Structures are given as structure tokens and as C-alpha cells.
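All remarks here apply to the structure that follows.
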Amino acid sequence: MIQVIIDGKTCAAEEGEILLAVARRNGIDIPSFCYEEALAPYGACRMCLVEVVKGGREGITTSCTLQVTEGLDVLTESPEIIRLRKALLELYLAQAPRSESIRALAARYGVTRTRFTKKTVRDDPLQNRCILCGLCVRVCRDVMGVGAINYIGRGQFTEINTPFFEENETCQGCGACAEVCPTGAIAIEDIAPNRIMKSWSGTKVPLKTCQSCGRYFAPSPFVDNTLEKLDTALKAALQDLCPDCKRKEMTRQAILLSTGTPLPMK
Amino acid sequence: MGLATCGIAAGGDKVFAALKNALSQRNLQVLLTRTGCIGYCREEPLVSIHLPGKSLIILHRVAETDAEKIVEAVAAETVPQDLALCRVEEWDPIVGEKLVFGTGFEDIPVYDEIPYFAPQRKIVLRDAGLINPEEIEEYIAVGGYSALHKALTAMTPEEVIEEVIASGLRGRGGGGFPTGMKWNFTKQEKSLQKYIICNADEGDPGAYMNRNEMESDPHMILEGMLIGAYAIGAREGVIYVRAEYPLAIQRLTRAIAQARDYGLIGKNIFGTDFSFELTIAEGAGAFVCGEETALIASIEGKTGRPRPRPPFPAQKGLWGMPTNINNVETWTNIPVIIQKGGAWFSRIGGEKNSGTKVFSLVGEVQRVGLVEVPLGTPIQTLVYDVGNGGIEGRKIKAVQTGGPSGGCIPASLFDTPMDYEHLTAVGSIMGSGGVVVMDELTSMVDTARFFIGFTNEESCGKCVPCREGLKHMLMLLDKILVGKATESDMATLEELSGVIKKTSLCGLGQTAPNPVLTTLKYFRNEYDAYLKGVP
Ligand SMILES: Cc1cc2nc3c(=O)[nH]c(=O)nc-3n(C[C@H](O)[C@H](O)[C@H](O)COP(=O)(O)O)c2cc1C
Ligand code: SF4
Ligand code: FES
């Protein structure tokens, strides 16, 4: 165990732990869009910037990539950090004008309007909410082991979708992407007998019917793959859940199975 | 005959064919051979003639139709004086013994008196334009691979690193990180497998020094890498070359094959227990792939996007193994440092900026080409002495150094020494050594817009400040250029520039706003003019 100082508060941590995680455990809420404990640090959203004042490479850095060492002393809300975060939020407001979560976070920092031209794409599969944090791509590939979606294009023209914007056969319909999306950009709808991944080029995944009541409840390939790995006790536990909760629980269990780390409860 | 890409572009291959043809019609004992480029690109095609015992004569602006005349002169054991640029009596290839060509042709100016060459000091380009880059024996003849022999047979890996540290050599890929220290990081990692990489992605518009280094003298890169691998403890290396450099790839491929034939690559080099394998990876054409973590991803077959550091490549690089990555030009200095010693090297150049740097001098300047000068040489030496000032007597307004994300330095600051610290102090960067000259006809706002257009285009799109921020900077600049912008747009532009620099993930975003920040600082009046409508 080592000690680090976050906003003047002394916190215990394991050497090499990610600062962002240490901060959250100690009730210090550093905003973030692209970080999930179950995934490798990515460093793209830049919301988690902090200022290292002592005990490390001094200056501004992302807390989701900063491994703590003894004596590290950081500020998560210095005037400079707040100034930069506000500017980034303005960029986000312009990029994802339809996202409520972005608007809410911006409001928390007193940012209610943006000086930048808002992006509004007609019929955007991601509803003018995507901020390209890459969580969906990474959870699909690195946690679910599927890789149904990826980046398309480069720079300001980057999008996320299925290869060639075609319906994708590998998609299991698990919905982990929508689960981790910080801006609620991904649209999924169950229209019997299929689950429609509306954001992913309309990919259709067949739903399974409940053995007892005949209702459709979850995508077949996903249920089959996950059930194969679950032990009987968990299988039983899942029986008691309503379809909605079952869907969420299955996603969580699948993530837990492949990484040993559950996603936090949403 | 100088046949690097620049020489070929100037029509050199046609001249070469004509010379070959003219020679085939006579029975002369003449060896016609290809060389790389001596750097005076504006005067190409360049043909050098060496008659036994006589000075080497460099002919310039040679046309296809000159071939007969040249061959006739050579047959008469002389040279066509009207085509002569200069003569070289002897040459120091630095690592080997002095080359003595001879004397004679006294009325042709000597190399050192030519204003373009006079301020130059050739260490990196020690053989460029003088040897045939496609023959390993020519490299060996000028002392090539002697430094490798020395390192492997007379020095420990630690001693090699000490020498590199003592030399003060800093990375020539842009960051200027001390090379010896970097080598030590990788050396100290505990791992059975380690890699070294040569970064030859060179994507800056207008920059082509690495291309010339590879095309003119590929073996010096191989030798530098071999010495580095020995010091670091790596057994495998990769040269990452952009696919737009086919001739460089061809010459490197040939060089590797020859070195392997000579036992200089492979198992038990020089009979020691040091073994090394080297391969070439072709880049996929993205500027950002020159960034080291994106480059490594690209070699691994992934999309070329940077990732946060740490972990640095020295800890976790290619295939997750400790990896040392250096720029082409960094590697080329290594044989010199080993052969002449770190202390010798450290005396060249400026304080904390030892050695030379090859700059590509381009733009609105009379003499364009590759210029190698000691670090710390003032900008004015490059622009006025070497470059001879503006075209048709026009006044020079500024230079932009360091590639697309360098800053624009006004003529009033041309006494600034070209070294890492001074260029940073005036808001620019060394980068890989591009120098673009702008004259009084150039609009600085337009220039800034051009470079933001470039970096915006090349942004990988991973992090928000670079991807979104540059897009909005471009929109604001366009608004300024059509005369619709207000003071508050200007303030937004300036603020946004600072935010992008401070918050971007990789060096691209962290430097991309420099052209705007420096033009705002030094040429504010040009922006102001646009605020009142299009001037
Ligand atoms: C956007 C970007 C592009 C880069 N392009 C190159 C390049 O073309 N060649 C190069 O050697 N280094 C390039 N670099 C720097 C490399 O990341 C790295 O620092 C360098 O290869 C290290 O070598 P050195 O220590 O010998 O300079 C680039 C960096 C960035 C951020
Ligand atoms: S700074 Fe630009 S190029 Fe670098 S990671 Fe961010 S978006 Fe990609
Ligand atoms: S959470 Fe750190 S950059 Fe996104």
C-alpha cells in the first residue's frame, strides 16, 4: 500500500493503480467518458485531465492513464483544469448536441452554450449523440470477443458502425455497446422475432422464446454462448429476473466471465 | 550521376541513359555509376566526373543533350568547363580515411567556396552523392561498417551507450530526446525479446531529408541500427518506411540483402555471439503513423492510432516487448559517434545541441535543397547565405520550421539559432527539419489555414481536442478569410488553439495549432486586415 494525495486528501492505493479509480473509490468524482475498469485505458475523451503538482511528471495529464506512485500529489479541479474541461465540454456540446448526459455534465461546469458550430447529421445512426469514446468498439471486441463494429474513416469523419455499413453476422445482439455508451447514442429495439440493432446498420439478431411462457426474451446467439459458460446456480438466479433485468444481468455476467471485472451497476 | 528521387524528377534518368548510350559508342575505360544526392537539388541533374589524379568535378543542370559533349571531354581527359559547378580535391567521409581525388581544373571554383555549400558541414550526408548506394563495397571503401566492427569487437554494450550519451546526440525525429538515455531505458528492461525500429515515415509536407539519407547511403542506417541493437540487446529490427518512397525501399532492401551476404546481418556477426535480423515494413500513408505508438500499431497490422504513454515503447512496444525507436537521421549519426568518439561529436553544434541537422530548404527561396549545418546555425545563414534570399529579389517574410505543426518565424527573428530550445522559445519546433520560406507575397493567414487544413485532414480522430478542435479552428479561419469574422471569433480561435495544445493525446494535436499561434503573435496585422473585410 502507498499513499497519494488527491485534492489535498490522503488516499491509500496499490502501487500502479489507475489514479481515476483511486479517486472514485475515495469519493472524488473525476468526470470521464472513455474509461471503464474492465477495459484497457484509452485516453481519448480527455475529460479526466488532472494536474500533477508533485511526485510525478508535473503538469496536465489524463488520470485514466496515470499509474499512481508513492507521494503523487494531484489536483482534479484546479482553475486550469476547470478552464480546459469547460472548453472540451463546449466541443462536446457541438459534436453531440442531442446528448442529455453531455448537457448535464456541461451544466455542472456552468457551460450551457457552445461557441462552436453544432454538428447535425440527418438520419445519424447514432442520433447526433456519439462522441467517439470508443467504449462500444472496445467492449464488443475486447470483452465480448466479437468485434462486430469498428471505426470507419479518420479524423473529423470518423464514425462507428459495422463493416461497410452492412448488417453484421457476428453481432450477437448482446447490447453491451448500448450498456457502456455514456451518451445513450446506440438504439436497439426488439421487434419479434428479432432484435434490431438500429444503430448498427439495422443488424437483425433472432430472439429466443421463453420455454415456459413463449415470450421472446433475449437474442439467441448471445444466450447460447453465455449459458454455455455459466454455472447452474447463476442460471437459476437468472430465472427470477424480468426480461429487461435479465438482459442487463446477462451482459454483466458475460463481461465478468471474460475479464473477471464486472461493469459497475448502471 | 546523382540519381536519388530528386535527380530522377529533374530528368536525371534520361541524362543517365544518354550518357550510357554515348559511352557505348566509344571504347573508353569509364565507369558510369549511380550515386545519391549531394543536396543541391535546385542545380540537378548533377553529374560528377573523376579523372584519375584530378579533382572531382561536379557538373550541374546537365541536360540529355549534354551527354555527347561530356563523353567527348572525358575521352580527351578533361571536363566540359561550362557545365562545371565546382571541384572537390579531397573529401572527409568522417568514419574512413580521407578521399583524395587529386588536383587540377584550377579555374573551376572549389566546393567550399560555393555559397550554397560553404556554411555546410556534412556528417550525416558524409557519403551522399559520392558513393553508389547500391553497392555495399563502396560504403565499406569509405570506412563503412568499421564502427560496427569496433563496437562488436572492442567495446561492451555499456561502453557503446556511454559513448552515445557523451556525444549528446538527441533524437532527430522531432522530440529531441537524448538518444543514449533512451537506449538505456530499453536496455534495462528485463525481457528475452527486444526490438529496435527505424522511423522512416517522414510525412511532413516539404520535408525529404530522410528520403535522401535512405536513397543516398542506406548502409549507414543499417550500421547505426546494428550498433544500437548490440548496445540495447535487441536481436530484431524493423525499418518502417512510408510506401510513397519506393526507391528508398528498393535501396534499403538491396542493402539488407548485401549486408546479409557479407555476414553483417544474421548470426554471429564478425564471429561474435551477436546476431541480428532486420526487416522492412511499409507504411500505410497516414501522417500520424510517424508517431511512435501509432507506428507500432501499424506494424502490428492495427489501425495507426496513437495510444497514451506511458507505457513508453521502451517498456511496452512492438508486440508488447521493450522497443527502442529512433528516426533515420538519428541512426545515421551512430557510426560517426563510435568511430570518432562522443567527445568529438559533442564539440560540433551548439550547447546541449550537438551535431548537425539536415534541413530541407524549400519554398520561396532561390536555392532549394538539402542543407546540413551544425545545430545552432542561425536561420539567416540558411535563408540568405545558403538560400540566397527571395526569388526575383522579393523580400522574405517568414520561415516555417518543423513540418505542418511548426510555427512561422518572422524575418526580424532570423538571428534565432536553429536548435531545439531556441526554436521552441519563438513558438516553433525543430520537428524533423523542414524549413519552408515565405516571401512578401505570401498571406500568413492563408499559410496558417493551409497547415491547419493539413493537420485536420491527418488527425487520426481518436481524441476530442484534435479531432473536433482542429475542425472548428479551420471553420474559424475560413470565416476570417472571407472577411466575416469578428474580434470574438479571433479570441475563440486563440483560446481554442491553446486548449488543443494542452489537452491533445499525441504530438500531432499538441503542436498543430503552432502555425496559428505564431502568426497571431507575429502577423496580427494581417488578421486584423481581414476583420475589416477581405483585403
Ligand atoms: C504526428 C507525429 C508524426 C511524427 N512523424 C514522425 C516521422 O515521420 N518520423 C520520425 O522519425 N518521427 C516522427 N514523430 C516522432 C516519433 O513519435 C518519435 O518521437 C521518433 O521517431 C523518435 O525518434 P528520435 O528519438 O530518434 O527522434 C512523429 C510524432 C508525431 C506526434
Ligand atoms: S492528437 Fe490527434 S492524431 Fe493524436 S491521438 Fe488525438 S486525434 Fe489522434
Ligand atoms: S477517461 Fe481519461 S481520457 Fe477519457
Side-chain angles (χ1 to χ4, degrees), chain A residues 16 18 33-35 40-51 56-57 59-67 69 80-81 83-96 102 114-119 130-134 137 141 150-160, chain B residues 284-289 293-294 302-312 315-316 320 453-476 478-479 486 488-489 491-493 495-506 508-510 512:
Chain A
I18 295 293
F33 292 135
C34 73
Y35 175 78
Y42 191 61
C45 78
R46 319 308 284 173
M47 283 313 291
C48 70
L49 291 173
V50 296
E51 204 173 321
R57 292 215 319 181
I60 290 162
T61 185
T62 41
S63 58
C64 69
T65 59
L66 182 62
Q67 291 182 307
T69 44
E80 179 66 353
I81 293 293
R83 181 183 80 86
L84 295 171
R85 221 172 258 161
K86 283 169 125 169
L88 292 175
L89 281 163
E90 269 192 77
L91 289 172
Y92 279 120
L93 282 177
Q95 191 197 1
I102 299 277
T114 175
R115 284 168 289 176
F116 306 116
T117 313
K118 284 186 189 162
K119 174 174 145 193
C130 175
I131 53 165
L132 298 167
C133 69
V137 173
R141 183 191 58 208
N150 210 330
Y151 297 96
I152 300 167
R154 189 170 77 189
Q156 58 165 303
F157 302 109
T158 313
E159 293 178 68
I160 292 170
Chain B
F287 173 68
V288 75
C289 284
T293 61
K302 300 183 189 134
T303 320
R305 288 166 154 244
R307 61 155 179 79
R309 302 168 306 174
F312 288 91
Q315 300 144 348
K316 225 169 173 264
F454 179 89
T455 40
N456 176 54
E457 189 80 10
E458 295 294 335
S459 163
C460 83
K462 178 169 175 173
C463 75
V464 73
C466 174
R467 180 189 66 229
E468 301 299 317
L470 291 175
K471 176 178 87 181
H472 292 297
M473 279 184 76
L474 198 60
M475 285 192 217
L476 287 164
D478 281 338
K479 201 170 165 190
T486 61
S488 93
D489 289 324
T492 306
L493 179 66
E495 187 199 333
L496 183 56
S497 301
V499 171
I500 296 170
K501 277 188 75 137
K502 282 205 165 147
T503 61
S504 288
L505 190 166
C506 88
L508 196 155
Q510 286 160 10

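In this text the structure is predicted, and so the values were computed from the model without any measurement.
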A/Arg154 meets the side-chain contact (heavy atoms from CB on, under 4.5 Å) criterion, sequence neighbours left out, with B/Ala286, B/Glu458
Sequence neighbours excluded, the answer for side chain to side chain donor-acceptor pair (under 3.5 Å) partners of A/Glu159 is none
Assert top hit (heavy-atom pairs under 4.5 Å, partner chain B, pool A/Leu91, A/Asn150, A/Thr65) equals A/Leu91
Under 4.5 Å heavy-atom distance to chain B, tell me which part of [X] shows up: side chain, backbone, both or neither.
X	value
A/Phe33	neither
A/Phe157	neither
A/Ile131	backbone
A/Leu132	both
A/Glu90	neither

Bottom line for B/Leu496: the part with an atom under 4.5 Å from chain A's heavy atoms is side chain
If one checks every heavy atom of B/Ser504 against chain A at 4.5 Å, the contacting part turns out to be backbone
Just how far is it from atom [atom1] of [X] to atom [atom2] of [Y], taken to the nearest 0.5 Å?
X	Y	atom1	atom2	value
B/Met473	A/Phe116	CE	CZ	10.0 Å
A/Arg85	B/Thr503	CZ	OG1	11.5 Å
B/Lys502	A/Ile81	NZ	CD1	9.5 Å
A/Arg83	B/Glu495	CZ	CD	6.0 Å
B/Ile500	A/Leu84	CD1	CG	11.5 Å
A/Lys119	B/Lys471	NZ	NZ	5.5 Å

If every non-hydrogen atom of [X] is compared with every non-hydrogen atom of [Y], which pair is closest and at what distance?
X	Y	value
B/Val464	A/Tyr92	CG1-OH, 3.4 Å
B/His472	A/Thr117	CE1-O, 3.2 Å
A/Gly43	B/Pro308	CA-CG, 3.9 Å

Inset, instruction - Determine, stepwise, if the pair A/Thr158 / B/Arg305 fulfils side chain to side chain contact (heavy atoms under 4.5 Å, CB included). - result: CA-CA 12 Å; A/Thr158 313; B/Arg305 288 166 154 244; 3.6 Å; yes
**OP:** Give a yes or no on whether a salt bridge exists between A/Arg46 and B/Glu468, defined as a side-chain N under 4.0 angstrom from a carboxylate O.
**Re:** no
Ranked by heavy-atom pairs below 4.5 Å to chain A, first place among B/Lys462, B/Arg307, B/Glu457 goes to B/Lys462
